[in-house]
Q: 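Have a look at the structure that comes next, please.
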Amino acid sequence: MAASSNSSLSGSSVSSDPEDYQPPIWKSYLYQLQQEAQRPKRITCPHEMESRPKYYGREFYGMISREYADELLAGAEGAYLIRESQRQPGTHTLALRFGHQTLNYRLFYDGKHFVGEKRFESVHDLVTDALITLYIETKAAEYIAKMTTNPIYEHLGYTSLIKDKMVHRLSRVRTEPRRVTFQRDERISSPLVQRGALKDTPEKQCFYEKIHNFKVHTFRGPHWCEYCANFMWGLIAQGVRCSDCGLNVHKQCSKLVPSDCQPDLRRIKKVFSCDLTTLVKAHNTTRPMVVDMCIREIELRGMKSEGLYRVSGFSEHVEDVRLSFDRDGDKADISASAYADINIIAGALKLYLRDLPIPVITFDLYSKFIQAAKLPIAESRLEAIHESLLQLPPAHYETLRYLMAHLKRVTQFEKDNLMTSENLGIVYGPTLMQPPEQNALTTLNDMRQQKLVVQLMIEHEDVLF
(Lines give C-alpha, C1' and ligand atoms only; values in the text may rest on other atoms or scores of the structure.)
Protein backbone atom coordinates (compact mmCIF):
# COMPACT_ATOMS: atom_id res chain seq x y z
CA MET A 1 0.00 0.00 0.00
CA ALA A 2 1.41 3.37 -0.97
CA ALA A 3 2.10 6.07 1.57
CA SER A 4 -0.05 9.17 1.69
CA SER A 5 0.96 12.13 -0.44
CA ASN A 6 2.37 14.18 2.44
CA SER A 7 5.13 11.65 3.08
CA SER A 8 7.48 13.13 0.48
CA LEU A 9 10.54 15.07 1.53
CA SER A 10 11.88 15.64 -1.98
CA GLY A 11 13.03 19.14 -2.76
CA SER A 12 13.50 20.09 0.89
CA SER A 13 16.74 21.75 1.97
CA VAL A 14 18.27 22.77 5.26
CA SER A 15 19.57 26.27 5.82
CA SER A 16 22.62 26.91 7.99
CA ASP A 17 20.62 29.60 9.76
CA PRO A 18 18.59 28.15 12.67
CA GLU A 19 15.90 30.77 12.09
CA ASP A 20 15.30 29.29 8.64
CA TYR A 21 14.87 25.76 9.96
CA GLN A 22 11.85 24.04 8.45
CA PRO A 23 10.44 21.04 10.33
CA PRO A 24 10.16 17.80 8.36
CA ILE A 25 6.86 16.65 6.88
CA TRP A 26 5.71 13.73 9.00
CA LYS A 27 4.39 10.67 7.19
CA SER A 28 0.79 9.89 8.16
CA TYR A 29 0.19 6.44 6.63
CA LEU A 30 0.84 4.42 9.80
CA TYR A 31 -1.16 6.90 11.87
CA GLN A 32 -4.13 6.40 9.55
CA LEU A 33 -3.79 2.63 9.93
CA GLN A 34 -3.81 2.92 13.72
CA GLN A 35 -7.05 4.87 13.49
CA GLU A 36 -8.53 2.08 11.36
CA ALA A 37 -7.53 -0.73 13.75
CA GLN A 38 -10.32 -2.74 15.35
CA ARG A 39 -11.32 -1.74 18.89
CA PRO A 40 -11.41 -4.44 21.64
CA LYS A 41 -14.69 -6.22 22.43
CA ARG A 42 -14.72 -7.95 25.80
CA ILE A 43 -16.75 -11.18 25.81
CA THR A 44 -18.05 -11.48 29.36
CA CYS A 45 -18.82 -14.73 31.12
CA PRO A 46 -22.51 -15.02 32.12
CA HIS A 47 -21.60 -16.92 35.30
CA GLU A 48 -19.67 -15.81 38.36
CA MET A 49 -16.39 -17.76 38.37
CA GLU A 50 -15.17 -18.59 41.87
CA SER A 51 -11.73 -19.49 40.51
CA ARG A 52 -11.31 -16.09 38.86
CA PRO A 53 -8.10 -14.31 39.93
CA LYS A 54 -8.73 -10.90 41.48
CA TYR A 55 -6.77 -9.13 38.74
CA TYR A 56 -9.13 -10.38 35.96
CA GLY A 57 -12.67 -9.25 35.27
CA ARG A 58 -15.77 -10.80 33.74
CA GLU A 59 -13.77 -11.72 30.62
CA PHE A 60 -12.42 -14.71 32.61
CA TYR A 61 -14.16 -17.98 31.61
CA GLY A 62 -12.28 -20.45 33.76
CA MET A 63 -11.08 -23.77 32.35
CA ILE A 64 -12.54 -24.07 28.86
CA SER A 65 -11.15 -25.62 25.69
CA ARG A 66 -9.61 -23.78 22.74
CA GLU A 67 -12.50 -24.96 20.59
CA TYR A 68 -15.13 -23.52 22.92
CA ALA A 69 -13.22 -20.22 23.15
CA ASP A 70 -13.15 -20.14 19.34
CA GLU A 71 -16.93 -20.59 19.23
CA LEU A 72 -17.47 -17.76 21.74
CA LEU A 73 -15.31 -15.37 19.72
CA ALA A 74 -16.45 -16.41 16.24
CA GLY A 75 -17.61 -13.61 13.96
CA ALA A 76 -16.52 -10.75 16.22
CA GLU A 77 -13.22 -9.14 15.15
CA GLY A 78 -11.39 -7.70 18.14
CA ALA A 79 -13.28 -9.90 20.61
CA TYR A 80 -11.30 -11.39 23.48
CA LEU A 81 -11.61 -13.50 26.62
CA ILE A 82 -9.33 -15.15 29.16
CA ARG A 83 -9.37 -18.86 29.89
CA GLU A 84 -7.48 -21.20 32.18
CA SER A 85 -5.36 -23.73 30.36
CA GLN A 86 -6.62 -27.31 30.43
CA ARG A 87 -3.14 -28.66 29.76
CA GLN A 88 -1.46 -26.54 32.45
CA PRO A 89 -3.95 -25.67 35.22
CA GLY A 90 -3.09 -22.42 36.99
CA THR A 91 -1.81 -20.78 33.80
CA HIS A 92 -3.93 -18.43 31.73
CA THR A 93 -4.41 -17.76 28.03
CA LEU A 94 -5.64 -14.67 26.23
CA ALA A 95 -7.86 -15.69 23.30
CA LEU A 96 -8.14 -12.88 20.74
CA ARG A 97 -10.05 -12.73 17.46
CA PHE A 98 -8.11 -11.16 14.60
CA GLY A 99 -8.05 -11.80 10.87
CA HIS A 100 -10.99 -14.22 11.08
CA GLN A 101 -9.09 -16.56 13.38
CA THR A 102 -8.58 -16.97 17.10
CA LEU A 103 -5.08 -16.22 18.38
CA ASN A 104 -3.98 -17.64 21.73
CA TYR A 105 -1.31 -16.02 23.91
CA ARG A 106 0.09 -17.15 27.26
CA LEU A 107 -0.94 -14.37 29.66
CA PHE A 108 1.16 -13.31 32.66
CA TYR A 109 0.69 -10.99 35.62
CA ASP A 110 3.35 -9.56 37.96
CA GLY A 111 1.52 -6.43 39.01
CA LYS A 112 0.99 -5.65 35.32
CA HIS A 113 -0.39 -7.73 32.47
CA PHE A 114 1.87 -8.92 29.67
CA VAL A 115 2.32 -11.48 26.90
CA GLY A 116 5.69 -10.14 25.69
CA GLU A 117 8.02 -7.26 26.59
CA LYS A 118 5.32 -4.61 27.06
CA ARG A 119 3.51 -4.43 30.39
CA PHE A 120 0.01 -2.97 30.78
CA GLU A 121 -2.14 -1.71 33.62
CA SER A 122 -5.20 -3.54 32.24
CA VAL A 123 -6.01 -6.42 29.93
CA HIS A 124 -8.12 -4.00 27.86
CA ASP A 125 -5.05 -1.82 27.17
CA LEU A 126 -3.00 -4.90 26.29
CA VAL A 127 -5.63 -6.03 23.75
CA THR A 128 -5.94 -2.49 22.32
CA ASP A 129 -2.20 -2.37 21.71
CA ALA A 130 -2.18 -5.90 20.28
CA LEU A 131 -4.94 -5.10 17.78
CA ILE A 132 -3.13 -1.95 16.63
CA THR A 133 0.16 -3.80 16.21
CA LEU A 134 -1.40 -6.80 14.45
CA TYR A 135 -3.37 -4.60 12.06
CA ILE A 136 -0.44 -2.34 11.14
CA GLU A 137 2.04 -5.19 10.75
CA THR A 138 -0.45 -7.10 8.60
CA LYS A 139 -1.43 -4.18 6.38
CA ALA A 140 1.95 -2.49 6.12
CA ALA A 141 4.58 -5.23 6.49
CA GLU A 142 6.39 -4.26 3.29
CA TYR A 143 6.15 -0.54 4.08
CA ILE A 144 7.62 -1.07 7.58
CA ALA A 145 10.47 -3.15 6.16
CA LYS A 146 11.43 -0.29 3.83
CA MET A 147 10.68 2.75 6.01
CA THR A 148 14.31 3.16 7.14
CA THR A 149 15.72 3.23 3.60
CA ASN A 150 15.09 6.95 3.03
CA PRO A 151 15.53 8.55 6.47
CA ILE A 152 14.98 12.23 7.17
CA TYR A 153 17.49 12.23 10.03
CA GLU A 154 20.35 13.85 8.11
CA HIS A 155 17.91 16.48 6.79
CA LEU A 156 16.86 17.68 10.23
CA GLY A 157 18.09 21.25 10.63
CA TYR A 158 19.02 21.11 14.29
CA THR A 159 21.00 17.88 13.82
CA SER A 160 23.17 19.38 11.09
CA LEU A 161 23.69 22.63 12.99
CA ILE A 162 24.74 20.89 16.20
CA LYS A 163 27.22 18.70 14.35
CA ASP A 164 28.70 21.66 12.44
CA LYS A 165 29.15 23.72 15.60
CA MET A 166 30.81 20.88 17.50
CA VAL A 167 33.24 20.04 14.70
CA HIS A 168 34.16 23.70 14.23
CA ARG A 169 34.67 24.38 17.93
CA LEU A 170 36.67 21.27 18.74
CA SER A 171 38.84 21.61 15.66
CA ARG A 172 40.08 24.90 17.12
CA VAL A 173 40.75 23.77 20.67
CA ARG A 174 41.65 20.11 20.72
CA THR A 175 45.24 18.93 20.62
CA GLU A 176 45.45 16.07 18.16
CA PRO A 177 47.00 12.77 19.29
CA ARG A 178 50.50 12.28 17.88
CA ARG A 179 51.81 8.93 16.77
CA VAL A 180 55.36 8.51 18.05
CA THR A 181 58.26 6.14 17.41
CA PHE A 182 60.42 5.51 20.49
CA GLN A 183 64.15 5.05 20.08
CA ARG A 184 67.10 4.68 22.44
CA ASP A 185 69.78 7.33 22.26
CA GLU A 186 72.94 5.28 21.60
CA ARG A 187 75.12 7.92 23.29
CA ILE A 188 73.45 7.29 26.66
CA SER A 189 73.70 3.93 28.41
CA SER A 190 70.47 4.28 30.35
CA PRO A 191 67.80 1.76 29.28
CA LEU A 192 65.13 4.44 29.57
CA VAL A 193 63.81 6.03 26.41
CA GLN A 194 65.64 9.26 25.70
CA ARG A 195 64.08 10.43 22.50
CA GLY A 196 60.66 10.35 20.80
CA ALA A 197 60.73 10.95 17.06
CA LEU A 198 57.48 11.95 15.38
CA LYS A 199 56.48 10.14 12.26
CA ASP A 200 53.84 11.34 9.81
CA THR A 201 50.35 9.95 10.31
CA PRO A 202 46.92 11.22 9.32
CA GLU A 203 45.29 13.38 11.98
CA LYS A 204 42.38 11.85 13.85
CA GLN A 205 39.00 13.46 13.37
CA CYS A 206 38.33 15.86 16.22
CA PHE A 207 34.56 15.40 16.46
CA TYR A 208 33.61 13.79 19.77
CA GLU A 209 31.33 10.88 18.91
CA LYS A 210 28.78 9.73 21.45
CA ILE A 211 26.25 6.96 21.06
CA HIS A 212 22.66 7.70 22.01
CA ASN A 213 21.41 6.39 25.34
CA PHE A 214 18.11 4.95 24.09
CA LYS A 215 15.51 3.64 26.51
CA VAL A 216 12.02 2.30 25.82
CA HIS A 217 9.50 5.11 26.20
CA THR A 218 5.74 5.53 26.29
CA PHE A 219 4.62 8.60 24.38
CA ARG A 220 1.43 10.40 25.35
CA GLY A 221 -0.42 11.47 22.24
CA PRO A 222 0.71 10.95 18.64
CA HIS A 223 4.48 10.93 18.07
CA TRP A 224 6.57 10.52 14.93
CA CYS A 225 10.00 8.95 14.56
CA GLU A 226 12.74 11.56 14.14
CA TYR A 227 14.78 9.16 12.01
CA CYS A 228 12.31 7.91 9.38
CA ALA A 229 9.44 10.44 9.94
CA ASN A 230 6.89 7.65 10.32
CA PHE A 231 4.26 7.43 13.05
CA MET A 232 5.20 5.53 16.21
CA TRP A 233 2.28 3.19 16.62
CA GLY A 234 0.87 1.41 19.63
CA LEU A 235 -0.63 2.29 22.99
CA ILE A 236 2.52 2.13 25.13
CA ALA A 237 6.28 1.66 24.59
CA GLN A 238 5.86 2.84 20.99
CA GLY A 239 9.57 3.58 20.59
CA VAL A 240 12.71 4.67 22.36
CA ARG A 241 13.96 8.03 23.59
CA CYS A 242 17.57 9.08 24.17
CA SER A 243 17.74 10.01 27.84
CA ASP A 244 20.67 12.36 27.12
CA CYS A 245 19.41 14.40 24.14
CA GLY A 246 15.70 13.51 23.87
CA LEU A 247 15.78 12.01 20.35
CA ASN A 248 12.63 9.94 19.70
CA VAL A 249 12.79 7.04 17.24
CA HIS A 250 11.38 3.59 16.51
CA LYS A 251 13.24 0.78 18.21
CA GLN A 252 14.30 -0.60 14.81
CA CYS A 253 15.42 2.86 13.68
CA SER A 254 17.58 3.32 16.79
CA LYS A 255 20.03 0.76 15.39
CA LEU A 256 20.67 3.02 12.39
CA VAL A 257 21.02 6.39 14.12
CA PRO A 258 24.61 7.71 13.95
CA SER A 259 26.70 8.14 17.10
CA ASP A 260 26.08 11.89 17.18
CA CYS A 261 24.21 12.41 20.44
CA GLN A 262 24.39 16.04 21.60
CA PRO A 263 23.27 15.87 25.26
CA ASP A 264 20.83 18.47 26.52
CA LEU A 265 21.92 20.12 29.78
CA ARG A 266 18.32 19.98 31.00
CA ARG A 267 18.50 16.18 30.88
CA ILE A 268 21.86 15.85 32.66
CA LYS A 269 20.87 15.40 36.30
CA LYS A 270 24.35 15.55 37.80
CA VAL A 271 28.04 16.09 37.08
CA PHE A 272 29.62 13.38 39.21
CA SER A 273 28.98 9.80 38.04
CA CYS A 274 27.94 11.11 34.61
CA ASP A 275 29.55 9.52 31.55
CA LEU A 276 32.60 11.59 30.59
CA THR A 277 31.74 12.03 26.91
CA THR A 278 28.11 12.85 27.77
CA LEU A 279 29.21 15.60 30.14
CA VAL A 280 31.70 17.29 27.80
CA LYS A 281 29.24 17.22 24.90
CA ALA A 282 26.46 18.64 27.08
CA HIS A 283 28.70 21.52 28.15
CA ASN A 284 30.35 21.83 24.73
CA THR A 285 33.85 21.58 26.22
CA THR A 286 36.88 19.42 25.47
CA ARG A 287 37.22 18.20 29.07
CA PRO A 288 34.94 17.93 32.10
CA MET A 289 34.72 21.27 33.90
CA VAL A 290 35.49 19.46 37.20
CA VAL A 291 38.93 18.52 35.89
CA ASP A 292 39.69 22.01 34.58
CA MET A 293 38.44 23.87 37.66
CA CYS A 294 40.07 21.60 40.25
CA ILE A 295 43.43 21.56 38.47
CA ARG A 296 43.33 25.34 38.04
CA GLU A 297 42.67 25.79 41.77
CA ILE A 298 45.37 23.29 42.77
CA GLU A 299 47.99 24.92 40.54
CA LEU A 300 47.03 28.30 41.91
CA ARG A 301 47.62 27.51 45.58
CA GLY A 302 48.52 23.88 46.22
CA MET A 303 51.54 22.76 44.22
CA LYS A 304 53.86 22.90 47.24
CA SER A 305 51.39 21.24 49.61
CA GLU A 306 53.08 18.26 51.24
CA GLY A 307 51.47 14.97 50.26
CA LEU A 308 49.32 16.55 47.51
CA TYR A 309 46.82 13.90 46.25
CA ARG A 310 48.14 11.42 48.86
CA VAL A 311 46.77 13.24 51.91
CA SER A 312 43.00 12.97 52.10
CA GLY A 313 40.76 15.96 52.64
CA PHE A 314 37.94 15.85 55.17
CA SER A 315 35.38 13.49 53.55
CA GLU A 316 32.35 15.60 54.44
CA HIS A 317 33.91 18.65 52.77
CA VAL A 318 34.83 16.58 49.68
CA GLU A 319 31.18 15.52 49.52
CA ASP A 320 30.18 19.19 49.76
CA VAL A 321 32.31 19.93 46.68
CA ARG A 322 30.63 17.08 44.83
CA LEU A 323 27.17 18.42 45.68
CA SER A 324 28.25 21.92 44.67
CA PHE A 325 29.32 20.72 41.20
CA ASP A 326 26.13 18.66 40.81
CA ARG A 327 24.02 21.66 41.78
CA ASP A 328 25.90 24.62 40.27
CA GLY A 329 28.06 23.11 37.51
CA ASP A 330 30.81 25.47 36.38
CA LYS A 331 29.49 28.11 38.82
CA ALA A 332 30.58 25.98 41.81
CA ASP A 333 32.73 27.91 44.30
CA ILE A 334 35.89 25.93 45.14
CA SER A 335 38.05 28.95 46.00
CA ALA A 336 40.21 29.27 49.12
CA SER A 337 37.47 31.29 50.81
CA ALA A 338 35.13 28.28 50.50
CA TYR A 339 37.67 25.48 51.05
CA ALA A 340 40.96 26.58 52.57
CA ASP A 341 42.39 23.04 52.62
CA ILE A 342 43.62 22.25 49.08
CA ASN A 343 43.43 18.53 49.89
CA ILE A 344 39.63 18.87 49.72
CA ILE A 345 39.85 20.03 46.10
CA ALA A 346 42.39 17.31 45.27
CA GLY A 347 40.11 14.75 46.92
CA ALA A 348 37.12 15.98 44.90
CA LEU A 349 39.08 15.60 41.65
CA LYS A 350 40.07 12.03 42.54
CA LEU A 351 36.49 11.24 43.56
CA TYR A 352 35.16 12.56 40.25
CA LEU A 353 37.57 10.41 38.25
CA ARG A 354 37.00 7.36 40.44
CA ASP A 355 33.19 7.60 40.15
CA LEU A 356 33.06 7.74 36.35
CA PRO A 357 30.80 4.93 35.06
CA ILE A 358 33.46 4.25 32.41
CA PRO A 359 36.97 4.99 33.75
CA VAL A 360 39.29 7.43 31.98
CA ILE A 361 41.24 4.39 30.78
CA THR A 362 38.23 2.49 29.51
CA PHE A 363 37.28 -1.06 30.45
CA ASP A 364 37.88 -2.37 26.93
CA LEU A 365 41.45 -1.02 26.88
CA TYR A 366 42.36 -1.95 30.47
CA SER A 367 44.08 -5.23 29.57
CA LYS A 368 46.11 -3.58 26.80
CA PHE A 369 47.59 -1.06 29.24
CA ILE A 370 48.28 -3.79 31.82
CA GLN A 371 50.01 -5.98 29.21
CA ALA A 372 52.01 -2.97 28.00
CA ALA A 373 53.32 -2.37 31.53
CA LYS A 374 54.50 -6.00 31.72
CA LEU A 375 56.76 -5.72 28.67
CA PRO A 376 60.45 -6.04 29.72
CA ILE A 377 61.96 -3.61 27.18
CA ALA A 378 61.42 0.08 28.00
CA GLU A 379 60.98 1.20 24.39
CA SER A 380 58.44 -1.53 23.64
CA ARG A 381 56.58 -0.68 26.84
CA LEU A 382 56.19 2.98 25.85
CA GLU A 383 55.27 2.06 22.27
CA ALA A 384 52.47 -0.20 23.55
CA ILE A 385 51.17 2.43 25.98
CA HIS A 386 51.22 5.03 23.20
CA GLU A 387 49.30 2.75 20.82
CA SER A 388 46.73 2.09 23.55
CA LEU A 389 46.33 5.82 24.22
CA LEU A 390 45.47 6.41 20.56
CA GLN A 391 42.53 4.00 20.91
CA LEU A 392 40.90 5.94 23.77
CA PRO A 393 37.68 7.85 23.03
CA PRO A 394 38.60 11.48 22.22
CA ALA A 395 37.13 12.97 25.42
CA HIS A 396 38.96 10.36 27.53
CA TYR A 397 42.23 10.97 25.67
CA GLU A 398 41.99 14.75 26.10
CA THR A 399 41.15 14.44 29.81
CA LEU A 400 44.06 12.07 30.41
CA ARG A 401 46.47 14.27 28.42
CA TYR A 402 45.52 17.35 30.46
CA LEU A 403 45.74 15.46 33.76
CA MET A 404 49.16 13.97 32.98
CA ALA A 405 50.53 17.39 32.01
CA HIS A 406 49.31 18.69 35.38
CA LEU A 407 50.82 15.77 37.32
CA LYS A 408 54.11 16.33 35.50
CA ARG A 409 54.07 19.90 36.84
CA VAL A 410 53.29 18.53 40.33
CA THR A 411 56.50 16.47 40.23
CA GLN A 412 58.49 19.63 39.50
CA PHE A 413 57.72 20.65 43.11
CA GLU A 414 58.54 17.24 44.62
CA LYS A 415 61.09 18.78 47.02
CA ASP A 416 58.18 20.56 48.69
CA ASN A 417 55.21 18.24 48.10
CA LEU A 418 57.21 14.96 48.25
CA MET A 419 55.12 13.61 45.35
CA THR A 420 57.29 11.82 42.79
CA SER A 421 55.90 10.30 39.61
CA GLU A 422 55.97 6.91 41.36
CA ASN A 423 53.98 8.24 44.34
CA LEU A 424 51.43 9.81 42.00
CA GLY A 425 51.25 6.51 40.09
CA ILE A 426 50.35 4.71 43.32
CA VAL A 427 47.57 7.24 44.01
CA TYR A 428 46.18 7.56 40.48
CA GLY A 429 46.63 4.00 39.16
CA PRO A 430 43.42 2.54 40.62
CA THR A 431 41.64 5.89 40.11
CA LEU A 432 42.16 5.96 36.34
CA MET A 433 42.16 2.20 35.69
CA GLN A 434 39.64 -0.39 36.84
CA PRO A 435 39.33 -3.99 35.59
CA PRO A 436 36.06 -4.59 33.73
CA GLU A 437 35.08 -7.54 35.93
CA GLN A 438 35.50 -5.46 39.14
CA ASN A 439 37.33 -8.35 40.76
CA ALA A 440 39.19 -7.47 43.97
CA LEU A 441 41.86 -10.13 43.39
CA THR A 442 42.49 -8.87 39.82
CA THR A 443 42.80 -5.30 41.09
CA LEU A 444 45.28 -6.41 43.76
CA ASN A 445 47.38 -8.38 41.25
CA ASP A 446 47.40 -5.48 38.77
CA MET A 447 48.31 -2.71 41.23
CA ARG A 448 52.00 -2.71 40.27
CA GLN A 449 51.15 -2.39 36.56
CA GLN A 450 48.51 0.29 37.23
CA LYS A 451 51.09 2.32 39.13
CA LEU A 452 53.70 1.86 36.40
CA VAL A 453 51.33 2.91 33.58
CA VAL A 454 50.51 6.21 35.31
CA GLN A 455 54.13 6.75 36.34
CA LEU A 456 55.33 6.34 32.74
CA MET A 457 52.58 8.59 31.37
CA ILE A 458 53.70 11.33 33.78
CA GLU A 459 57.40 10.96 33.09
CA HIS A 460 56.95 10.80 29.30
CA GLU A 461 53.88 13.02 29.01
CA ASP A 462 55.53 15.29 26.44
CA VAL A 463 56.16 12.37 24.10
CA LEU A 464 53.24 10.02 24.75
CA PHE A 465 50.54 12.64 24.12
Q: Does P376 offer a backbone N or O that forms a donor-acceptor pair with the side chain of S380 under 3.5 Å?
A: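 It does not hold such a pair.
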Q: Can you tell me how far CG of L452 sits from CE of M447, rounded to the nearest 0.5 angstrom?
A: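 It comes to 13.5 Å.
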Q: What residues, two or more places apart in sequence or in another chain, satisfy side chain to side chain donor-acceptor pair (under 3.5 Å) together with E117?
A: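 So E117 forms a side chain to side chain donor-acceptor pair (under 3.5 Å) with K251.
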Q: Would you call R119-D110 a salt bridge at under 4.0 Å N-O?
A: yes
Q: Please set out all donor-acceptor pairs under 3.5 angstrom arising from side-chain atoms of residues 363-375, sequence neighbours excluded.
A:
from : atom 1 : to   : atom 2 : distance (Å)
D364 : OD1    : T362 : OG1    : 2.6
Y366 : OH     : D446 : OD2    : 2.7
Y366 : OH     : Q450 : NE2    : 3.1
K368 : NZ     : Q391 : OE1    : 2.8

Q: Are the side chain of E461 and the backbone N or O of K408 linked by a donor-acceptor pair below 3.5 Å?
A: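 Checked: no pair found.
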Q: How would you list, by chain and number, every residue that makes a ring pair (Phe, Tyr, Trp, His ring centres under 6.0 Å) with F108, sequence neighbours excluded?
A: F114
Q: Determine which pairs satisfy salt bridge (charged side-chain N to carboxylate O under 4.0 Å, His left out) with at least one residue from residues 215-224, sequence neighbours left out, and list them in order.
A: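 Salt bridge (charged side-chain N to carboxylate O under 4.0 Å, His left out) check on residues 215-224 returns no pairs.
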Q: Applying ring pair (Phe, Tyr, Trp, His ring centres under 6.0 Å), run through Y397 and F465 and close with a yes or a no.
A: CA-CA 9 Å; Y397 176 92; F465 293 91; 5.6 Å; yes
Q: Return a table of donor-acceptor pairs under 3.5 angstrom between the side chains of residues 126-135 and protein atoms on other chains or two or more places apart.
A:
from : atom 1 : to   : atom 2 : distance (Å)
T128 : OG1    : H124 : O      : 2.8
D129 : OD1    : K118 : NZ     : 3.3
D129 : OD1    : L235 : N      : 2.6
D129 : OD2    : K118 : NZ     : 3.2
T133 : OG1    : D129 : O      : 3.0
Y135 : OH     : E36  : OE1    : 2.9

Q: Kindly say whether E299 contributes a backbone atom to a donor-acceptor pair with the side chain of R301 at under 3.5 angstrom?
A: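 Checked: no pair found.
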Q: Would you say that K451 contacts Y428 through its side chain, given a criterion of any heavy-atom pair below 4.5 Å between the two side chains?
A: no
Q: Using every non-hydrogen atom in the two residues, find where T277 and A395 come nearest and quote the distance to one decimal.
A: OG1-CB, 3.8 Å
Q: Check whether any side-chain heavy atom of E398 sits under 4.5 Å from a side-chain heavy atom of R287, and report yes or no.
A: yes
Q: Under a 3.5 Å cutoff, is there a donor and acceptor pairing between the side chains of T420 and E414?
A: no
Q: For a 4.5 angstrom cut-off between non-hydrogen side-chain atoms, does I458 reach Q455?
A: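 No; the side chains remain at least 4.5 Å from each other.
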Q: Can a side-chain donor-acceptor contact be found between H113 and D125 if the only test is distance below 3.5 angstrom?
A: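 Their side chains do not contain a donor-acceptor pair, so the 3.5 Å distance test is not met.
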Q: Side chains of residues 341-352: which donor-acceptor pairs under 3.5 Å do they make with residues two or more places apart or in other chains?
A:
from : atom 1 : to   : atom 2 : distance (Å)
D341 : OD1    : N343 : N      : 3.0
D341 : OD1    : N343 : ND2    : 3.2
K350 : NZ     : Y309 : O      : 2.5

Q: Side-chain contact test, heavy atoms from C-beta onward, threshold under 4.5 Å: evaluate it for H460 versus L382 and give yes or no.
A: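 Sidechains of L382 and H460: in contact.
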Q: State, yes or no, whether a side-chain contact exists between C261 and F214 at a heavy-atom distance under 4.5 Å.
A: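 SC-SC contact between C261 and F214 ruled out.
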Q: Are E306 and N417 linked by a side-chain donor-acceptor pair shorter than 3.5 Å?
A: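 Not at all, the side chains of E306 and N417 share no donor-acceptor pair under 3.5 Å.
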Q: Taking all atoms of both residues into account, what is the closest heavy-atom pair of I361 and L392, and its distance?
A: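 Minimum heavy-atom contact is CA-CD2, 4.1 Å.
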Q: Take atom CD of E316 as the centre, draw a 6.0 Å sphere, and report whether it contains more than 12 heavy atoms from other residues, nucleotides or ligands.
A: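 No, because the 6.0 Å sphere around CD of E316 holds 12 heavy atoms or fewer from other groups.
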Q: Search all heavy atoms of S337 against all heavy atoms of D333 and return the closest pair with its distance.
A: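 Taking every non-hydrogen atom into account, OG-OD2, 4.3 Å.
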Q: Between Q238 (side chain only) and H223 (backbone N and O only), is there a donor and an acceptor less than 3.5 Å apart?
A: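 Checking the backbone N and O of H223 against the side chain of Q238, no donor-acceptor pair under 3.5 Å is found.
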